[in-house]
Structure formats: structure tokens, C-alpha cells
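Everything on this sheet refers to the single structure shown next.
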Amino acid sequence: MKIAVVGTGYVGLVTGTCFAEVGIDVTCIDIDQRKIDNLHKGILPIYEPGLEEMVTRNVAAGRLHFSTKLAEAIKGCDVAFIAVGTPPGEDGSADLKYVLGVAREIGENMTSYGVIVTKSTVPVGTAAKVRKEIADALARRNETIEFDVASNPEFLKEGAAIDDFLKPDRIVVGVSSERAEEVMSRLYKPFLLNGHPIIFMDIPSAEMTKYAANSMLATKISFMNDIANLCEIMGADVNMVRKGIGSDARIGTKFIYPGIGYGGSCFPKDVKALIKTAEENGYQMQVLQAVESVNEAQKEVLYNKVRKHFGGELSGKKIAVWGLSFKPKTDDMREAPSLVIIEKLLAEGCTVSAYDPVAMEEAKHSLGDTITYAKDQMEALIDADALLIVTEWPEFRVPNFEVMSRLLKQKVIFDGRNIYDAAELQAAGYAYHCIGVKTAHHEPA
Ligand SMILES: NC(=O)c1ccc[n+]([C@@H]2O[C@H](COP(=O)([O-])OP(=O)(O)OC[C@H]3O[C@@H](n4cnc5c(N)ncnc54)[C@H](O)[C@@H]3O)[C@@H](O)[C@H]2O)c1
Ligand SMILES: O=c1ccn([C@@H]2O[C@H](COP(=O)(O)OP(=O)(O)O[C@H]3O[C@H](CO)[C@@H](O)[C@H](O)[C@H]3O)[C@@H](O)[C@H]2O)c(=O)[nH]1
């Protein structure tokens, strides 16, 4: 089989590489010449654990190619995936200009029957628009090449993308013809052999499934953040409550960790887009509106705790920040809560010294030289009045608190991810604040 993946970002590069890994001939296409030039040199545009080795292996095997030339790469493909960005427009709705632009280009250049698949997250009705763009382009060429469209939303998580792709909980495919179903079954056969279920459905349901999944996960997080905030006020420990409810299989243990609000390129954008879709169709997503507003407030919770601890006087304080990316094991800074927290600290006259194992280069695009970037996690602590844990990278989990106490000016930790043991830190003389737990030094933020 021969396939093209258009858009070589977090989703496109992982998708293309994983299909190459199971023996399919893949060309990954991007309009960004620099990205493609770098990929030809073996330099990846993103940090994703395990991806570099897999790319190298499949390029060497001659199964994985990179190009900026869609017109050439699309020729003779059985399947073309559209995996370009769908960023939020001014009003929160998904901006489809990249997706539809690619559809048009495919129509202008395809030479034989193929299935054109939207892998980007797109609102219900987008596949129909993709179909029209392709049909119109073919009509302009006076061509009558047959084609199908399909919707195959992607559920991978950054930082765990390869495993999520190769061992998915499920593969969702929306189709409207038996021929497209047959092609997509053949494409995903290697995954099905490993027992992962493929769920075929109509196209609008597949498109909606993606938004429903992300919105449900975001709802779990905002719900737990709300519970965490109430736990603090009432003197309960959200860590215990989380274990208590998570052991009910109907609730489950995943995605109920409170923190500093969800970030990333998906949850914030997709929750907004679903609210907007509903609005445009005369319906109000009341639960999701609350999910969003809880999330906005939660991004400020850690900052509020800092402010309260220092009696509202933050000017001149040096704050160390561990973790900048929106979650561990990625360099992605899109909608990272760190940006909100740091902006507020800087506005109060603090200086910030940050360390992140992989996201500092990416962070410089938004934070520039407004903060200092430490060469390691310990350097960030020197003379700091407090340490903020913003991203729960594994290397932050068991630090040497003894050494840290010699570097910090004040032994104060604000833990936005609840990774430390409050009793242990308090015994070591630290003032320790976390989320949803009434600690000795605590006052609800
Ligand atoms: N990032 C994730 O974890 C994730 C997971 C599931 C779904 N999604 C969805 O997948 C889509 C892509 O997300 P992403 O994070 O990979 O985005 P991204 O920004 O990392 O990558 C998009 C790529 O598309 C390229 N591009 C734009 N226009 C193009 C064109 N006309 N031709 C060729 N290439 C073009 C860009 O240069 C960029 O490299 C979005 O709809 C997103 O919601 C993302
Ligand atoms: O219990 C939890 C779990 C996550 N988060 C936060 O939620 C955000 C998103 O995390 P995660 O879902 O792990 O990362 P993403 O890579 O954004 O993946 C989500 O978004 C992708 C893009 O649509 C989907 O494909 C994935 O299934 C979906 O999990 C991050 O800020 C996390 O810190 C919490 O606060 N508490």
C-alpha cells in the first residue's frame, strides 16, 4: 500500500512513521520547507520519546519519505491523510482553511482512486466540505476520478504518542462506502492483528466522537479541580478522594488528577470548538461552558497561593519554576499553564528562573528573555524565594531536598501537580503548598 500524510506535525509525523513501521510506503508532506529539509537530515521538528529512532529506521528501510511536493507525492496513493492544524479562530470555532486548502490541492493532483481521510480534529460536516473541495477541483480539471472521503480522528497523547498509535484503545473510522471501509480495514489490518478494535461508523458520528472524547476528558479534569478546591476549603485531602472515587470502575482512575488546569493544543481548543458548534446550531453546552471557566480559574490557583503566602508582596521576589511544557515528555508549549503563571508573576515584579528538560527552546518563542533559563533544575533554585512545580517531569519527583534547602533562599514549595509528600516536606522544614490538600502552611487560595 502507498499512502500520503499531509501535515508533518505532532500527529502527521507520528501517523506516517507508525504506518511505515508496519511496512506501508509513506510520504509525509509539509509546506514548511525547513521542517522537511531538517527531516531529510534526521532532525525532528518535535520532541516525542522514541520517535527519532523510529523515523531513522524507517527512512533507512526506504519506507518513509519526506517532501514538500504534494502534487508528486499524491500520485497513485491508496490513502491520503489530512493531518494539518485546525487552530481556533477568533470566535473559538475550528479554522478549516488548512484542511480545505489541502483537500483542494489533492483534488487538483490526484491521478487514481483514493480515500481522502481527515485525521485532523474537525467539526461535524467537514468531511462533506472536503468532498466538495475535491469534487470541484476535479471538475475544474474535467476529470472523473472516483474517490471516497473518510473521517479517522486521532486519539494519541503527546509524550506517549507512539504507544497510543501502535496500541490504540480503539480506531474510529467514519465511512460512507463499502469500498472505503475495505481500504481502511486493509490499512489498519496490522493493528487489528494485535487485537485492537476498529469501530466503523457514519462520518458525522466519527467527527463528533473526537470532540466528545476530548470534552469528556476535559470535564473529568475540571470536575476534579473543582472538587480539589472544595477539599481545601473543607479540610479534606483530594489525593485520598481521588483514590476513593477512582477505585469505582464506573469512574476509573485516569484523568482525575487535579492540578493547574488542562493545557495543550487539544483540550482548550476542542472544548471551545464544540461549544461554538452547538451555539451555531442553537444549542448551549452548559457543562462544557463550566468546564472551560473552571479551567481558566484553575490556571491562577498556584499564583494565588504564592501571592497569599507572601502577604501580597511579590515585588523583587525570585521564583524558581520547574517545568514549562503543558505536560511531561513533550516540548509543546501550546496553552501551557506555565505561561499564565509566569506572566502573572512577572507582572507583580518577580524574577523567574525556570528549568525544563526539553521545552526551554520552545518556551523562548513566547517568553523570550523575560525570564532566565537554568542549565539544570538545581541551578534554577539559587537564591530563589520559592519553587513552583508546574510540570511533573519524572526527574522532579525525588529531588534531594537537603541540597535544595541550601540553594533556596526560603524553603517554600508550591506544587501544582501534587507530586510530593506533604508530611515529608514539612518534617524537612519546608512550607509546602499543593492542590486540594489542607497542609500545615495552607490557606485556601
Ligand atoms: N497534537 C496532538 O496531540 C493531537 C492529537 C490528536 C489530534 N490532533 C489534531 O491533529 C491536527 C494536527 O495537529 P498537530 O498538533 O499535529 O499540528 P501541528 O501544528 O504540529 O502540525 C501541523 C502541520 O501541518 C503543516 N501544514 C499546514 N498547512 C499545510 C499544507 N497546506 N500542506 C502541507 N502541510 C501543511 C504545518 O506546517 C505543520 O507542520 C489538529 O487538528 C489537532 O487538533 C492533535
Ligand atoms: O488527570 C489529568 C490528566 C491530564 N491533565 C492535563 O490535561 C492536559 C492534557 O493532557 P493529555 O490528555 O495527557 O495530553 P494531550 O496530548 O493534550 O492529549 C489529549 O488531546 C489529544 C489531542 O486531541 C487527544 O488525542 C488525546 O486523546 C487527549 O488525551 C495536560 O495539561 C495535563 O496536565 C490533568 O490536569 N489531569
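Ligands are counted one by one from 1 in listed order, and the atoms in each one are counted from 1 as well.
- Between E105 and ligand 1, not a single N/O pair is under 3.5 Å apart.
- Among residues two or more places apart in sequence or in another chain, the side-chain hydrogen bond (donor to acceptor under 3.5 Å, both in side chains) test is passed with T330 by E158.
- The shortest N or O to N or O distance between T86 and ligand 1 is under 3.5 Å.
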Atom pairs and distances, ligand 2 N/O vs protein N/O under 3.5 Å:
unit_1	atom_1	unit_2	atom_2	d
ligand 2	1 (O)	I256	N	3.3
ligand 2	1 (O)	Y257	N	2.9
ligand 2	13 (O)	K327	NZ	2.8
ligand 2	14 (O)	K327	NZ	3.2
ligand 2	16 (O)	E158	N	2.8
ligand 2	23 (O)	K210	NZ	2.8
ligand 2	23 (O)	N214	ND2	2.8
ligand 2	25 (O)	E154	O	3.4
ligand 2	25 (O)	F155	O	3.3
ligand 2	25 (O)	L156	N	3.4
ligand 2	25 (O)	L156	O	2.6
ligand 2	25 (O)	K210	NZ	2.9
ligand 2	27 (O)	F155	O	2.7
ligand 2	31 (O)	G263	N	2.9
ligand 2	31 (O)	F326	O	3.2
ligand 2	33 (O)	R417	NH1	2.9
ligand 2	36 (N)	Y257	O	2.8

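- At a heavy-atom distance under 4.0 Å, atoms from both the backbone and the side chain of I31 approach ligand 1.
- With respect to atom 1 (N) of ligand 1, the closest heavy atom belonging to the protein is E158 OE2, 2.8 Å.
- With ligand atoms numbered from 1 in the order given, ligand 1 contributes 32 (N), 33 (C) to contacts under 4.0 Å with heavy atoms of V6.
- Looking only at protein heavy atoms, the nearest one to atom 22 (C) of ligand 1 is G85 N, 3.7 Å.
- Between E296 and K299 there is a salt bridge, with a side-chain nitrogen of the basic residue lying less than 4.0 Å from a carboxylate oxygen of the acidic one.
- What sits closest to atom 43 (O) of ligand 1 on the protein, heavy atoms only, is K269 NZ, 2.6 Å.
- Between Y10 and ligand 1, an N or O atom pair is found at a separation short of 3.5 Å.
- By the 6.0 Å contact criterion, CZ on F223 is open, its count of non-hydrogen atoms from other residues, nucleotides or ligands being 12 or less.
- In terms of polar-atom proximity, D270 is not counted as a contact of ligand 1, lacking any N or O under 3.5 Å from an N or O of the ligand.
- Closest protein heavy atom to atom 24 (O) of ligand 1: G7 CA, 3.4 Å.
- Counting only heavy atoms of the protein, atom 10 (O) of ligand 1 lies nearest to V11 CG2, 3.5 Å.
- No part of V122 comes within 4.0 Å of ligand 1, judged by heavy-atom distances.
- Ligand 1 lies less than 4.0 angstrom from a heavy atom belonging to R334.
- Contact annotation: for S265 versus ligand 1, heavy atoms closer than 4.0 Å belong to the side chain alone.
- Of the protein's heavy atoms, D30 OD2, 3.2 Å lies nearest to atom 25 (C) of ligand 1.
- Annotation: cation-pi geometry satisfied between K344 and Y303 (NZ/CZ under 6.0 angstrom from ring centroid, within 45° of ring axis).
- When hydrogens are left out, the protein atom nearest atom 6 (C) of ligand 1 is E154 O, 3.3 Å; that is the closest non-hydrogen contact.
- In the displayed structure, K364 atom NZ is contacted under 6.0 Å by more than 12 heavy atoms of other residues, nucleotides or ligands.
- Classified by interplanar angle (parallel below 30°, tilted 30° to 60°, perpendicular above 60°), the ring pair H433/H309 is perpendicular.
- Under 4.0 angstrom from ligand 1, the non-hydrogen atoms of K210 all belong to its side chain.
- Listed for the T17 side chain is no donor-acceptor partner under 3.5 Å among the backbone atoms of V55.
- Regarding atom 26 (N) of ligand 1, its nearest protein heavy-atom neighbour is V84 CG1, 3.6 Å.
- At least one heavy atom of C266 sits closer than 4.0 Å to an atom of ligand 1.
- Below 30°, between 30° and 60°, or above 60°: for F19 and F165 the angle between ring planes is above 60°, a perpendicular geometry.
- Proximity of V102 to ligand 1, defined as any heavy-atom pair under 4.0 Å, is confined to the side chain (atoms from C-beta onward).
- Looking at K35 next to ligand 1, an N or O pair under 3.5 Å apart turns up.
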